[in-house]
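Contents: one structure, followed by commentary.
Throughout, residue positions are numbered sequentially from 1 according to the sequence presented. Atoms within a ligand are numbered from 1 in the order they appear, just like the ligands themselves.
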Amino acid sequence: MLYGVGASAGIGIGKILCIQEQNLDYTAVEYQGAKAESARLKAAADAFCEITERMAQDVRERIGQKESEILMGQVMMLQDPLVTEQMEEMIAAGSCAEAALDTICQGYIELFSNLDDELMQQRAADIQDMRTRMLQLLLHAQSIDLTLAPKGTVVAAKDLTPSMTVGLKKENISAIVTQVGGKTSHAAILARALEIPAVLGVANLFEQIENGQTAIIDGGKGEVLVCPDEKTLGEYTKQQQEQWRQKELLFIYRDKQTQDADGRSYDLYANIGSVSEAQAALENGAEGIGLFRTEFLFMNRSSAPTEQEQFETYTAVSRIMQGKEVIIRTLDVGGDKEIAYLNMPKEQNPFLGWRAIRYCLEQTDVFKTQLRALLRASAVNGNVKIMLPLVTDVQEVRAAKALLEQCKQELKAQGIPYDEDISVGVMMETPAAALIADLLAKEADFFSIGTNDLTQYTMAADRGNAKIKGLYSTFHPAVLRSISHIIKAAKREGIPVGMCGEAAADPLLIPLLLAFGLDEFSVSVSSVLQTRKWISGWTQRQTEQIEREAMAFSTANEVEEYLMKHSVR
Ligand code: PEP
Ligand code: MG
């Protein structure tokens, strides 16, 4: 058994296809003179650009704009006059086309990979991918075409390169295993978007597997079983079929309304981080977007997205959602979400430091750019709402609203349309916000409870620290009381209240949340149908009894144990 990071859930079974670096040795290539070498380089570059543009087009349609832009970035790099000039200079000085390309690319790869910045490392990997494919073209070497991989292929690679994304289709690729990458890496996001089970970051992968071996990948647990015996294979095949069956069964909930067993309606929304996820959300029956994590737009690049870029993204999401509500959270940077080019100072306690709304209220240029983009997008479909993260103080909401007002005035002066009545909501994810929920409810148009952070801050237990994971529990009476209190405060003030933390999709907590009076559940795209099914099973009488009994316990363990017995159906 090999272990890695479970990056995309599900069981995948198939035959391993190892994608290892090819031998692209060009030392035997003879120099044919500057003119001929230059012509060879140009022919290969033209072919590369043509193929890559076609790939980018396919990826844009199937996966998303961002993945396609990575490929177009390779084309732009190859066509960059400075890069071309450097290669031509080497050819003029006696290098063959392969050597010129390789040397210049290696220079950039070294430059970028030596920088302590995830984005730059990614850029180095992109150039590496371009270098390999250009050398393949120059040397007439076979390139790996995953579109030709037979059904049931388990792709095993050091990392997923941008050009591999083209061939990744769940019709023929049953799972992905890589040697590098974690839960939030590009490969992980891609695998989840494509719904292909994936285990990433398996150390010394290629020393432990071979081409053609049968492998079972459990993308939920992060396990890879190589050459399983018949009995194990049978068990996992059964499990896999059961997962598929469950998925199919859930499909009947796709076009249903979200109602409990008494016929009370709720809003069931999805959490997304990209335009392509909005498409998946709609296809999975989400009734809106309850949380668009915009920090993803700021990651994997070297500068902040412009107002126009952001406007286009927000508009694309609201168009895809066809008039349904889209709640867009303003930049939630800092804490565990680091964006290198923003040059935020290193802090002793980043989770308690200068982050999210605190950062935005000081870096008003970054914040106003986003607010203007949001306002402009609100004019297109009129269903865009703004949500502020990590609020602890009423003054933060007022200050954000004042900046929003400034942006409105600027847009008005420029004759640019926006929704004058755009809603501004508050994420309830700090104990301070929970304790002043009544005061915040007077300032906010809606609440959304972020239980991931609310649990961390209420329990004073880092959400990423395995050592104290027992303390990090949403079942703790302190967290549950806090949730109940927030919902009641919202009700008293007459504003809608949702939940976009992971707890909204927890079957143990759903009856409690229903009893508390939550209006909207916002869950990950893959949990939408399951959540609708869970909600549909409860009557008000049942949930009220669960609330009474569960809230009488003193510890998280007691609550959880009780809910395990009474909540699962
Ligand atoms: C939360 O804190 O519950 C939340 C939804 O936001 P994030 O996980 O992005 O911090
Ligand atoms: Mg949060």
Of all the heavy atoms in Met387, does at least one lie under 4.0 Å from an atom in ligand 1? no
Among the heavy atoms of Met427, does any lie under 4.0 Å from an atom of ligand 1? yes
Checking the N or O distance criterion of under 3.5 Å, is ligand 1 in contact with Arg329? yes
The Mg ion (ligand 2) to nearest N/O/S of Asp332 less than 2.8 Å: no
Below 4.0 angstrom from a heavy atom of [X], which ligand 1 atoms are there? Numbered from 1 as shown, please.
| X | result |
| --- | --- |
| Arg463 | 2 (O), 7 (P), 8 (O), 10 (O) |
| Cys500 | 5 (C) |
| Glu429 | 1 (C), 2 (O) |
| Leu291 | 5 (C) |

Return the name of the atom in Asp453, of element N, O or S, nearest to the Mg ion (ligand 2). OD2
Answer key: the N, O or S atom of Glu429 nearest to the Mg ion (ligand 2) is OE1
Using modelled atom types only, decide if a donor and an acceptor are shared between the side chain of Glu560 and the backbone of Ala556 within a distance under 3.5 Å. no
Does the side chain of [X] reach to within under 4.5 Å of the side chain of [Y], using non-hydrogen atoms?
| X | Y | result |
| --- | --- | --- |
| Tyr3 | Glu223 | yes |
| Arg372 | Phe311 | no |
| Val333 | Glu295 | no |
| Gln456 | Glu429 | no |
| Ile483 | Leu509 | no |

How are the rings of Phe521 and Tyr266 set to each other: parallel, tilted or perpendicular (split at 30° and 60°)? perpendicular
Does either side chain, that of Gln308 or that of Arg376, offer a donor lying less than 3.5 Å from an acceptor on the other one? yes
Part of Asn452 within contact of ligand 1 (heavy atoms, under 4.0 Å): both
